[in-house]
Each structure stands twice: as structure tokens, then as C-alpha cells.
Amino acid sequence: MSSVPPVAEFDLPFAPDRLFWTDGDHLLAARTGTTDPPLKLSVPGGQAQPAWGEDPSGLPRGTLTAITVQAAYGVCAYAERMQVPHDTEPFQRLVGLNVHTGERFWQRQYQGARDLAFGDVGDPFLLAWTDDGFLAYAMEPGDPAGWTRSVSLLLSQPWCLGPDGSPSLLAYGSPPSIVDCATGEPRPSKQTRPLLGECRQLKWATGEILLAVGESFWVDEAGGEPGTSGWIMEFEGDGYVEYRLPAGDSVGYHGIATSPSGKFVAYASGSELTVRTLPGLAPAKDFRTLRLDPAAGRPRCVRFSPDGGLLAVNATPSGPGVTLLEAGTGACLWRHDGEADRIEFNPSGTRIALCGGNRVTCYDIGDVAAAAWTHRQQWERRGTPYRMVLATIPDSQAPERERTWIGVVGAGDGPGGFEYFRRLGDAVPLYESEPDARVLGLAVSPSGDHCAVWLADTRLVARTLLGTPLQSWPRRPSAATRAPREAAFVDDRRLVDVRGDTWLRFYDVNEQDPTSVQFDEPLERVAALPAESPDDAVIAVASRNHCRLLRHDGEQILEKPIDVDGKITSLAFAVPGEGSAKLVITSGNADAALVLVDIRTGLTETIPHHTGIDQVAVSPDGRLLATAAGNDVRVTSVSSPGDAHTAWRLPYPVTRPVFYPKGRALLVATEQPYLYMFDLDGEAVGRGVRDDADAFWWGPVAGVSHDLGFTADGRVLTVACEDGVHFYRGRGDE
């Protein structure tokens, strides 16, 4: 089951096939085709009781054939087939009542209601699909005579009211016909459009766009086997747009939903959930196709939340259940692993009800959102992930949309693993390293087109983010004497590595053989500062305690190497602005732990730290530095590194600092499963319990963190722990 505790659970004496919210705290559950009384479910307290009492006329309870609720008016309408004692012929009736008091205020006889819906054109009315056709009944108690209008004598399904939640138009039939409910007059513009096969469902969307959903039948000419294909047809004005699903896929009766704004349509076909924009059924700009496990079966229910921000579908990648997504991004927020045939949001969108079998379970969306922040999703991995790279690149098919990719490196003395995932919600890796390969590190090119991994068997492997192989140097494993220690991209197609010998090797993803530049001492560290012009890129290489600045081709920028007191432990570049750039060098010497080198002038600044520096991070804008040593964290400006911006002492030793996008805050991981968020600009950031004037306790997290990373918009935090990679909701820039 889900890690989110439900606010209420109901075990009912029957399996409801109708479930409605009557307000924010109560539901109505009913089973058609039986004499079981509908039940009113009170979420506060988890109580279930009959929705209304005995019939005032003393008649026995009839067989329920249809029921609907209009929560805004607090009214319910239901249809019963009655059998009165001593009468040979049954009769049928429609009843309207107040769902809060159970008081009946309206009743009509009818001929076999098959479905009901509430409308509101001037005054509330009830639209019933009966054996006599579509009939509209006045529901206003102040009008004792009421009125009955035959909307159409044609008996045809499917049918729907809309668009944009307005019931002024009725669409019905296959091909669809449209009637103005206020006047009863037909709308002929869409009556003559052909369909590809049998229409199963109609949906209204924005701007009086009508979607017809159905199946077409075909026969395999080779095998002679019949098959079906689903389709969605969009009618607008006098034209239409057709979108065909893959052969063998179809959209079920509840497998399509339109957003409250009418601008998006979500549908499940086969093992995929897709969101498309209207008009034109163009691909949605901020969504992708979510692939569901085929073992989950065909999703039967898709729902948008009332504000359109969430999307729920009753299938999960791990089996039957419900997946809740951010409608704008497709990011997975939460999974409910129990079976659910129906999904219903309450009118305000603060709660969600799931119905499966005899059980109805209700959750608070606030609790779901909190769980999505604290434990978004876990990717099980072989070994322990200790290094991640997040790359944000434009989508080639939609340049205005960005995709976030994540690469993970496994640790341990045995075989490790490297996987690349397309977007944060995908559970299936696009690429996995060989099972017996031990991966040491990875890097991504500046534009995000290429990635590189280096392996213990001496190979440096270049690939695209889709996993397409480009080059492997050397082509035969163990052909080189040393494995790469570090590698970095100089530009989108060139990269360098160091292997603990005297050679700096240059690689091109389009070339099979590298070029080399030799130095007089073994090289152990490398970093690159890409530039708009590839010829302006800067490379930093370091031996044990000397560092050199090089041009893109290996030519030295400074005649003399930069001497560092102590063993060099890391290299990084910072760009404080105004065309300047600095190289940040950390060393193992406690008295001179941080050295900053101006790229243009070669001037160096040494920043003392009384306990040495274990970790360093550069803010995304290149203006701030965060250093960690023991339990201490310091933030300084790159332009004036001698003046500490602020400093903190944590209760546990620091293992990893990472800046929130744009440097507004700093997130710090410790040797215990706790994360701390520090506010740098006086704004409230993070979630959780405030520890002091400017720190927020972010944890606990799933385990001790080995690496952290934010997506570019700050909305998602990724944490590599012992048992996998976990995702937490951050805060987007506002």
C-alpha cells in the first residue's frame, strides 16, 4: 500500500459502481441493478450510513437503475424500477432529493432511465436518457408544475454534456449529433462527419471542440486474424482532426479525460498514458508519454483534478493501482498500490477517493504532496550510487521544452553500474553499462548532447544521452596501462582525461584515436571551462601539488605552474561575472585549503580554513563558494573570498553541499540521514522544521546521502543513498 496514510477507509456491503462527492467531506456510493440502498460516506470519522431513509409513501425500495449528484446544489437524482405488491406491471420513477438532509422534493414517472446528468441552463434541470429518448426535467422546487422537454427521440449512445463544464450542448450518437439544450434545436455542423468505426465515447473540450473516441476493426491480410485499433477524432466547426492509436490499442470508456480548462486531453491506450493539447491534438508542450507496465492491464479510469494541476490514472508501472502525476510535467508524485476501478477528486480538489471492490479509500492531497516531497520515487540499483550528473537540455522536437536527464554511477570494489534515464519519472534506463563493468565516473557535454563514462578496464566511452554508442578509447579493454582518473568535456564534441601518467589526452567523439600532450610529471586532476567559442575554452590540469592552465589545444596560458601547499584534491571553475573566471583549487593542507586563480591575470588568493576543506561547491551563477570541513559550512563570495558571507556549525559532519538554483540557498547533507537548507537571501526556502533563524531541517531522508543535485528549475531534488536514488519536491523559482 501507499506510504501515505488515508484519511478514511470504508468497507461496504456491496461493490459500488457509482461514486460521487457531495461536498468536501462526504461521498455517495451506490450499486445500480440492485436494491441495495446508496450509502453516504463521511470522511471525517470514517462513518458509512444509508443516504436517505424510508420512502414517505411506504413503498418498498426499488431496483436502482441510474444515479447522479450535483454537488454545487447539494442535490441528487436517482432512477428506480418499482414493483408494487398486487400490481402485475412494474413502474419506474425519477426522484430528486437533498443529499445533506435526505428530503425528497421532486418525483416523476418515466420509461426506463439508462443514465442521468444534471444541467444548468437558466434553472437547474435533469437530463435523463430513457426509453423515450433524451428528456429534460425541471428540478427547481419553486416551479411545482415543472416542465418536460423531449430533446431527441433518437436512442443512441454515447452522449455527453459540455463544453467547459457547461451543459448547454448535448452531443450524442455515432456519428455525433449536437443539440442546444436551451432551445432543443439541433446543431448541424458536425452531423455528417464520417467515423472510422464504432464510437464508444464523446468528450467536450474548449471552444466547443468535440472529441469522438472509438475503435475500428480490421483483418490481418497475412494471418486472417481480426484486430482493432483505437482512434480519437476532434470536431471543430466544419472540419475534423484524426489521431490514430497504434494497431491493437484502444481507449476504454473511462480511459480519456479533458482538463477543466478544456485545453488538454489525457488518454490511456494499451500500456501508455498520453497528454495532448487542443486544438489539433498536438503533443503537449510540458508532458511526455508515460509508459505503464503491460501487466497492469488496460487503464480504466483517467481523471484531472478540478484545478487541472494533477492527473490520476488507475495503473502503475509496478502493477494494478493508481498513479498521481503533475499534469504539467508528467512527474510522478505518488502511487497507491491497491486496486481501484474509480477515481474521484472532490469539488475543491483537496481530497481524492479511490474505489476498488467493496473498499473506498480517501486521501488528502496535502498529505500526498508532502509524501511526494519526502519520498518521490526510488530507483532500485545494483550497488550503491555515489555520483550523479543532471543535464538539462532542449527537446529537439519542441525547442521551448526542456528535459532533465540523470546519470548515476555505482560504487564498490566489485562491478558497478551506470544508467541514464530520460526524464526523472522514467523507470526504464535508456542505457546500462555492461554487467561486469566497474564504472568510475561520468561527465556530460555542455549542451547535453553527449556523455562520457570511464571504466576500471581503462576505457573511456562516449555516448549520446539516448545511449547510442559513439566511440570507445581504447577500442579493446585493457589495451592501455592505466584507467582514467578524471575526464571533462572541452566543448560539445571534445573531451580530455588524465590517467596518473604524464600525458594529457584529447578525444573527439567523431574520431577513433586521441591526440596527446606530454608534461614532466604525472597528472591526476582535470577540469574544463567551456566557452561560446570552442577556441576560448580553458583546461586546468594538476599533478600532486602543481596546477597548470591550458588553452583548448593544450598550449599553456601561464609560463609557470601554480604551486599549491599540500596535495591537490579537486579543481573547479567559478565565473563571478563581468567576463572574469577563476579556478578553485582545494588541497589537503589545513593551513592553505583553498586557492583561487584569476584566469586572465594568473593572480592567486589563498583562503585559510582552520580545519582544512573536505568539500567545495560553486553556485550555479558562479558567484558563491561553499566550503565544508567537519561540522562547519562557510559561504564566501568568489569576488572577495576573504570575507565570509555566513557560516554555520551542524550537529553532524558534512558530506556534501549543493546550491539551490541561482544561489539563493544552500542544501547540506551530513553523515546522518539529515539534510539542512540554509537561506542566503533572507527568503523562506525549503520545507520542514525551522532549526534556527535561517536554516530549515529538510530531513530525515531515506538514508545517508552520497550525492545531491537539483534540477535547473529547483522543483526536484535528487539524493543518492545506500538503497538507490530518491526524489524530493523542491521549490520552483517564483
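Everything numeric here is computed off the predicted structure, so don't read it as measured data. Residue numbers start at 1 and run along the sequence shown.
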Main-chain N/O of [Y] paired to [X] side chain as donor or acceptor, under 3.5 Å:
X      : Y      : answer
Arg342 : Cys355 : no
Ser259 : Phe264 : yes
His26  : Lys40  : no
Asn314 : Ala340 : yes
Asp341 : Gly356 : no
Arg276 : Leu281 : yes

Would you say the side chain of [Y] lies within less than 4.5 Å of the side chain of [X], judging by non-hydrogen atoms?
X      : Y      : result
Leu27  : Thr22  : no
Pro38  : Ile67  : yes
Leu278 : Leu211 : yes
Leu310 : Leu324 : yes
Leu39  : Leu12  : yes
Ile365 : Thr350 : no
Val99  : Val75  : no
Val322 : Ile343 : yes

Where is the tightest heavy-atom contact between [X] and [Y], given as atom of each residue plus distance?
X      : Y      : value
Ala353 : Cys362 : CB-SG, 4.1 Å
Pro260 : Pro306 : CG-O, 3.1 Å
Ala266 : Phe304 : CB-CE1, 3.7 Å

Please round to the nearest 0.5 Å and tell me the distance separating atom [atom1] of [X] and atom [atom2] of [Y].
X      : Y      : atom1 : atom2 : value
Tyr267 : Thr274 : OH    : OG1   : 4.5 Å
Leu28  : Leu41  : CG    : CG    : 7.5 Å
Asp492 : His450 : CG    : NE2   : 7.5 Å
Leu19  : Glu344 : CG    : CD    : 6.0 Å
Gln201 : Ile256 : CD    : CD1   : 6.0 Å

Side chain to side chain contact (heavy atoms under 4.5 Å, CB included) for Trp106 and Val95? Distances and angles first, verdict last.
CA-CA 6 Å; Trp106 181 88; Val95 179; 5.8 Å; no
Check the pair Ser348 / Trp21 against side chain to side chain contact (heavy atoms under 4.5 Å, CB included), numbers first and verdict last.
CA-CA 10 Å; Ser348 62; Trp21 284 94; over 6 Å; no
Run the salt bridge (charged side-chain N to carboxylate O under 4.0 Å, His left out) test on Asp25 and Arg351 for me, step by step, so that the C-alpha distance in whole Å, both residues' side-chain angles and the decisive distance to 0.1 Å come before the verdict.
CA-CA 9 Å; Asp25 293 331; Arg351 287 184 174 141; 2.7 Å; yes
Sequence neighbours excluded, which residues qualify as side chain to side chain contact (heavy atoms under 4.5 Å, CB included) partners of Thr68?
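Once residues adjacent in sequence are excluded, the partners of Thr68 under the side chain to side chain contact (heavy atoms under 4.5 Å, CB included) criterion are Phe20, Ala77, Leu116, Phe118, Leu126.
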Apply side chain to side chain contact (heavy atoms under 4.5 Å, CB included) to the pair Leu64 and Tyr78, showing each step before the final yes or no.
CA-CA 7 Å; Leu64 186 70; Tyr78 65 93; 3.8 Å; yes
Applying side chain to side chain donor-acceptor pair (under 3.5 Å), can you list everything that pairs with Glu80, at least two apart in sequence or on another chain?
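Glu80: side chain to side chain donor-acceptor pair (under 3.5 Å) contacts with Arg93.
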Could you list the residues that satisfy side chain to side chain donor-acceptor pair (under 3.5 Å) with Thr65, not counting sequence neighbours?
Tyr110
Does the pair Arg359 and Phe10 meet the rule for a side chain to side chain contact (heavy atoms under 4.5 Å, CB included), with working shown?
CA-CA 6 Å; Arg359 171 164 291 193; Phe10 306 91; over 6 Å; no
